[in-house]
Amino acid sequence: MSEPIRIHGINGPVVTIKGKTGLGMMEMVYVGEERLVGEVIGLDSQKTTIQVYEETGGLRPGQPVFSSGGPMCVTLGPGILRNIYDGIQRPLPAIQKESGAFIGRGANVPSLDPNAKWDVTVTVKEGDVLSAGQVYATCPETPIIVHKCMLAPGKSGTIVWIAPNGSYTVNDVVAKLQNQNGEIEELTLCQKWPIRTPRPVENRMGSTRPLITGQRVIDSMFPIAKGGAAAIPGGFGTGKTMTQHQLAKWCDADIIIYVGCGERGNEMTQALTEFGEITDPKSGRPLTDRTVLIANTSNMPVAAREASIYTGVTLAEYYRDMGYHTAMMADSTSRWAEALREISGRLEEMPADEGFPAYLPSRLAEFYERAGYVQTLDGQEGSVTLIGAVSPQGSDFSEPVTQNTKRFTRCFWALDKALAYARHYPAINWNDSYSEYTSDLAHWYYDNVGPDFMACREEIAGILLQENSLMEIVKLIGSDVLPDDQKLVIEIARVVRVGFLQQNAFHKDDTFVPMEKQLKMMQVILHLYHKCQDIVARQVPLSQILKLGLFDKVIKIKYDVPNNHLELLDGYITEINEALGRFLNTDYRKGE
């Protein structure tokens, strides 16, 4: 604009301008002489409201506001992986070189390194007709991920010129396209996309494949599908971040987007350090080769926290469009909702439950609905799986963020403080958690794990449910009055809880457990249960069975049987049969 518009008022991250400005809703702007990044969030005939994504200290009325001419966008291209961004896709390592440990105000560093060279293979030839989403060039972004440069949504035309294969930067022209209007468009390795607009797909498909995490309580009891959405609610110290770190390390997604949204700086430091040291079990390469970290800690500007999850999910959709399966961890959406509440208060909007804005449910829906298993515009299959941590104050799951998140996710992993303090990891409470994906995934389990997987899972869940009911009785009158068949349920439930649901993230064989071992472990536990049921029915005292030590031996399967020697589990079946056989062959009665 020839004459810059001027700031009228400043209220924290909210800046107002009087009169007509010509700015559009959700337009990205630069505020003040330091050109702080902001976004238009309110318009009427008297004033324009802008939220600024940087610290506004030192801004004064009368300073200029400059239009960018478009919405808040991210730059998409090779160089995203291995990078660490803030909430508005500014690369933190590059900023650190310029301004030190803290981000300087108005830092204007390109999201993708403009000087980095990429070995580009142009995959089209002159005369080819391209439509949106089709690939025109590829390059190895990391040793395990091939980056595919796709024609941006909304574009189509005929290739009229291509560059020879070779080394190019993200801004070099590698092809030229003549669109339907006869105009020539230059195609580079990168494109821009507005963060609040979902990227288009050809078709949304049903979620029929699980996201394998190697965590037994998740994979066997409360699975999540690829393209699904899950919530991990839990109070302070229950292990939300630890659980998300474990999922990021071990889940079978191709690309991991980890968003630290309003979390403590030391937790993000731990994530950055751990991810850099971990070897990817699938490739043997560093895990960072397929990971993007978005760090927006609690001391960073609150408005950028609100934008960070949109930045993360847009990056996830971009790699999904290449045909990859992506998983995004948002830690935590409660801090994001608190940012909404703070900005809403600055805007003097009418508050709803607990001060959160009335549009909190719709914002949560907008985010979680961007998950999905899809057919891309190029005809490939890809998915975005969203896993959001929720931090209810005082572990109160009835608060608005948790309750509204349950409405838009089909998987709920409720973390329990008592389990966490008892060193039971993952501290997912099997009585309060649920997954609605189980029936959708039944055919996959039948074909790929075992025909009896679902039956074993349901029986294990039934044992835990029975134990929950029996423990209510035990609390009132003690366990001595229970008959032996009910005592057996409590004992076998202990085996399930300690030997199956509880895992050791630091043990080489227990940190990740393949589905085949999970099924065999359930089969051994249930075989022990059924054999003991038969013996107890013959009035053999349970105390005699417990003296054999079989229950404790089965609990230790997770440590004693390596993941690459599952045939050893068959020996447990034989040992159970031999140890309990003498009870079946003897006319044993209580009191004899």
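Side chains are part of it too, since the values below use all heavy atoms of this structure and drop only hydrogens, waters and symmetry mates.
The minimum heavy-atom distance linking Met205 with Gln375 is given by the pair SD-N, 3.7 Å. In plain terms, the two heavy atoms of Asn83 and Pro91 that are nearest each other are OD1-CB, 3.9 Å. Between Gly77 and Glu141, the closest heavy-atom pair is O-OE2, 4.2 Å. Among all heavy-atom pairs drawn from Ala303 and Val52, the shortest one is CB-O, 3.2 Å.
Side chains of Arg370 and Thr314: a donor-acceptor N/O pair is present below 3.5 angstrom, by distance only. Side chains of Thr75 and Gln191: no donor on one and acceptor on the other come within 3.5 Å. Side-chain contact, Gln244 with Thr241: no donor N or O sits under 3.5 Å from an acceptor N or O. Checking Lys148 against Thr138 by side-chain atom types alone, no donor-acceptor pair falls below 3.5 Å.
Put simply, the side chain of Asp321 never gets that close to the backbone of Tyr318: no donor and acceptor are under 3.5 Å apart. Panel note: side chain Asn448, backbone Trp444; a donor-acceptor pair is recorded below 3.5 Å. No side-chain donor-acceptor contact under 3.5 Å links Ser344 to the backbone of Arg341.
Under the salt bridge (charged side-chain N to carboxylate O under 4.0 Å, His left out) rule, Arg196 has a single partner from Glu306, Glu317, Glu366, which is Glu306.
Aromatic rings from His325 and Tyr319 are positioned such that their centres are separated by 6.0 Å or more.
Stacking of Arg199 on the aromatic ring of Trp193 is recorded, both the 6.0 Å distance cut-off and the 45° axial limit being met.
For the side chain to side chain donor-acceptor pair (under 3.5 Å) condition, the pairs that include at least one residue of residues 112-123, sequence neighbours left out, are Asp119-Ser167.
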